[in-house]
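The block underneath contains the structure these notes are about, expressed in structure tokens.
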Amino acid sequence: MTEIITHPLAVNGKDPRNLRGDPITQERYYSRDWMEREWDHLWTRIWHIAGRENELPEPGDYIVHDFMHESVIIARQPDGSLKGFYNACGHRAQKLVRGNGSQDSWTCAYHGWVWGLDGSLLDACDRDDFPQGDPVGKVRLIEVRVDTWGGFVWYTMDNEAPPLLKYLEPIPDIHRNFPLEKLVRILRVRVELNCNWKFSTDNFNESYHTRTAHPQVPPIIDQDHFTSRYEMFPNGHARIIQMGRPSLRDRLPEGVPHPFDDQLRAWDIDPARYATFEEKVMRGWHDLKEAKRKLGPERGYGHFAQLTDEEMTESPFGVVFPNIAFGANAEGMGFFRWEPHPDDPEKCFFDLWEFAYPAKNSYRGRLTQTTLEMKEAELDFRVYTGPEAVADLSDRVVFQDWGLSPGQQAGWRSRGYQEPYLAAQETRVRRFHEVLHDYLAGKPPGR
Ligand code: FES
Ligand SMILES: [Fe+2]
């Protein structure tokens, strides 16, 4: 393994000596007590994504994020800034708005109080009937802190939380060459799964499962643990960098067309120019970087000029603690977010968002090998009852992970559960639980 650490905050995410060794007990995956402690100490203290900035471009545009039993409104102000509020009327707490929209003010459906975009009360019925004084000019909606990064709108319910960029550190810094705010969300699927939300954090924090669960990937991305780079950061975030070339360990049978050949051809490289498979993989991988650097700008990828060689072809996968994973590559970004169910610790919601830079009219995902139209996608919500519920997504790699989720939940409830026996390349799994333990103990990192 190459011992390159790209950021001063990174420690080797494949070295268990960077762990305390906290046990990963099983009840965290099904107990209501854990679910409530996570609400009190984790979800109310982290930064959440409410949506994309381009969902609320004009003053008066607002978006709503429902999370467990909470709901938050974020509104674009007349001066272009964003403000966020709990979605509860300041009179007697009726939910103020039901979904995204655009208005100059919000009128509560219960007693008609009228709220301004800045959270102030503009009008109320019978203003002279309040012995404690006219509520107008006095009562306000309760605010949450809002900020933006990567084209996403974030908020936190914790007034003591570090500023967003500090909380995300060093994720913004290591993605500084990517104009993420220009990305178009061309796939927007939300699936209700029958497993605890931590299934996905565990799953995205290791690529040990990929050779078994996603056998179609190694011919496209080298997932070998000895060629990948593993990083862990102080606030609980982590990253893996895998080489954007086929693994030399996995050969397709003679005569089967190789997907890497298509990637080379897409950048005007003739795969026949290489004498052996090894040469094609290693030489072709370098040629691909060069070809993309040369042809990228004329093909609409202006930002290629500022990408490093690594960023040009490699497959990075960042996990933002505790419930986001994303891979920002040169042409687009796969983005995943998972959230707990409000009442059932054995259910969760999984968001599968795919993004592309608007360089052409369609986008062919590197992993999915399918083509999507270059336009903002509508929300597509499914309940995962089995593979048939998401059959049309079967070429998206996470489809295979969803198939494993009920079996994982069953194992977590079993009397046969044992302390996980982790490979070095699964170090980030235990690290996630250690940071989770710190949150639950009231001591989030950096606070
Ligand atoms: S609860 Fe909103 S006006 Fe009464
Ligand atoms: Fe997976």
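Each residue takes its place number in the sequence, starting with 1. Order of listing sets the numbers, starting from 1, for every ligand and every atom in it. Everything numeric in this text was worked out from a predicted model, so none of it was measured.
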Protein N/O/S neighbour count - atom 4 (Fe) of ligand 1, strictly under 2.8 Å: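 The number of such protein atoms is 2.
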Given OD2 of D401 on one side and NE2 of H214 on the other, what angle do they make at the Fe ion (ligand 2), to 10°?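 That angle is 100°.
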For R176 against D173, the heavy-atom pair lying closest together: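 Residues R176 and D173, closest heavy atoms: NH1-O, 2.6 Å.
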According to the interplanar angle, ranging from 0 to 90°, do the rings of W115 and W113 count as parallel (below 30°), tilted (30 to 60°) or perpendicular (above 60°)?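 Answer is tilted, since the angle falls between 30° and 60°.
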What about Y110 and H91, are their ring centers closer than 6.0 Å?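 Not close enough - the centres of the two rings lie 6.0 Å or further apart.
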Check for me whether the distance between the ring centres of W338 and F204 falls short of 6.0 Å.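 So the answer is yes for these two rings.
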So which of the N, O or S atoms of H209 lies nearest the Fe ion (ligand 2)?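 The closest N, O or S atom of H209 to the Fe ion (ligand 2) is NE2.
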Would you check if there is a donor-acceptor pair between the side chains of D22 and H437 at a distance under 3.5 Å?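 Yes, side-chain donor-acceptor contact under 3.5 Å.
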Heavy-atom distance under 4.5 Å between the side chains of L141 and W106, does that happen here?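 Yes, side chains in contact.
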E310/R229 salt bridge by N-O under 4.0 Å criterion: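 Answer for the salt bridge query: yes.
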